[in-house]
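A quick write-up on the structure given underneath.
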Amino acid sequence: MNQSTNIDGRVLGENELSERELEALRTELDGIDDRLLEDVRARLEVCTRIAQLKRRYAIAVMQPHRVGAVHEHAHRFAVDHDLSPDFLHALYDLMISETCRVEDLIVAAEQPRPNRGSARQANPDRAPVQRTSADSSAE
């Protein structure tokens, strides 16, 4: 039977040891999860900056060659680290899907014009101009 002693000199049984080991591993996993979530947040933040550039320069949101390059990188990583390429492909499909959703929202969003409210006050008889999608893609 595997036994150890704690600080008080009390003998710990196998069950107590396994619980402590399990708790230590879960704590380690929680830290990894926190870093993973932060990295996902940071990745999406960079993608929002990319979307702003795409909007400014009228670049298509979907870039198939880039999607392929990201999948190829993940595939090589999986092979090099003895992970499932199918798992990483599915994971990246999910992240790319969310990235495209966020980029679509940003690219389609109407940017507010500076001092828009003060222009109405300066000329109250002028009707507000409705922006078209052509106006949005020109910015």
Side-chain angles (χ1 to χ4, degrees):
M1 183 161 147
N2 186 8
Q3 292 184 338
S4 184
T5 358
N6 71 4
I7 296 173
D8 301 331
R10 187 172 70 83
V11 175
L12 300 175
E14 243 180 63
N15 201 27
E16 290 174 295
L17 287 173
S18 65
E19 285 297 319
R20 284 185 177 192
E21 289 178 58
L22 186 59
E23 186 59 36
L25 289 171
R26 286 179 175 159
T27 299
E28 183 179 347
L29 189 59
D30 289 345
I32 292 168
D33 285 345
D34 288 344
R35 291 189 306 274
L36 176 64
L37 291 169
E38 178 55 32
D39 284 346
V40 169
R41 186 213 55 78
R43 187 182 196 284
L44 285 170
E45 194 277 326
V46 170
C47 290
T48 62
R49 295 191 333 247
I50 289 170
Q52 291 163 350
L53 283 175
K54 287 178 178 180
R55 179 185 172 149
R56 186 177 315 135
Y57 297 110
I59 299 169
V61 169
M62 179 52 76
Q63 301 285 311
H65 66 282
R66 176 64 183 155
V67 171
V70 168
H71 274 298
E72 180 56 32
H73 177 73
H75 182 85
R76 281 191 316 271
F77 186 90
V79 170
D80 291 346
H81 294 88
D82 199 27
L83 298 171
S84 165
D86 290 340
F87 166 71
L88 288 186
H89 187 86
L91 178 62
Y92 270 88
D93 273 346
L94 187 61
M95 286 196 300
I96 290 166
S97 176
E98 177 62 5
T99 297
C100 288
R101 185 191 72 78
V102 169
E103 285 186 8
D104 283 341
L105 290 173
I106 291 168
V107 169
E110 187 176 42
Q111 288 182 335
R113 300 232 184 231
N115 300 322
R116 204 171 184 175
S118 61
R120 282 191 198 135
Q121 292 170 350
N123 190 354
D125 296 330
R126 182 171 174 220
V129 176
Q130 294 294 323
R131 294 185 66 186
T132 66
S133 60
D135 293 331
S136 296
S137 64
E139 292 181 16

From CA spacing to verdict: side chain to side chain contact (heavy atoms under 4.5 Å, CB included), Ile59, Leu53
CA-CA 8 Å; Ile59 299 169; Leu53 283 175; 5.7 Å; no

Going through the checks in order, is the side chain to side chain contact (heavy atoms under 4.5 Å, CB included) test met by Leu94 and Glu98?
CA-CA 6 Å; Leu94 187 61; Glu98 177 62 5; over 6 Å; no

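In this structure, Pro85 and His75 approach most closely via the heavy-atom pair CB-ND1, 3.4 Å. Listed here is the closest heavy atom pair of Lys54 and Val61: NZ-O, 2.7 Å.
We find the CG-CG distance between Leu29 and Leu36 to be 10.0 Å, quoted to the nearest 0.5 Å. To the nearest 0.5 angstrom, Asp30 atom CG is 11.0 Å from Leu25 atom CG. Note that CD of Glu19 and CD of Glu21 are 10.0 Å apart. Values are rounded to the nearest 0.5 Å. Between Ile32 atom CD1 and Leu37 atom CG the span is 12.0 Å, to the nearest 0.5 Å. In this structure, Gln52 CD and Glu103 CD are separated by 10.5 Å, a value rounded to the nearest 0.5 Å.
Ion pairing between Glu23 and Arg20 fails under the 4.0 Å rule for side-chain N and carboxylate O. Salt-bridge check for Glu38 with Arg41: passed, with a basic side-chain N closer than 4.0 Å to an acidic carboxylate O.
Taking the ring-ring contact (aromatic ring centres under 6.0 Å, His included) definition, one finds that Phe87 meets it with nothing, sequence neighbours left out.
When hydrophobic clusters are built by joining Ile, Leu, Val, Met, Phe, Trp and Tyr residues whose side-chain heavy atoms come closer than 4.5 Å, directly or via intermediates, Leu44 is not grouped with Ile50. Under the 4.5 Å side-chain heavy-atom criterion for grouping Ile, Leu, Val, Met, Phe, Trp and Tyr, Leu88 is not connected to Val79 through any hydrophobic cluster.
Between His89 and His71, the side chains place a donor N or O and an acceptor N or O closer than 3.5 Å (distance only, hydrogens not considered).
No more than 12 heavy atoms of other residues, nucleotides or ligands shown are found within 6.0 angstrom of CZ on Arg66.
Within the 4.5 Å cutoff, the side chain of Val67 has heavy atoms near those of the Met62 side chain.
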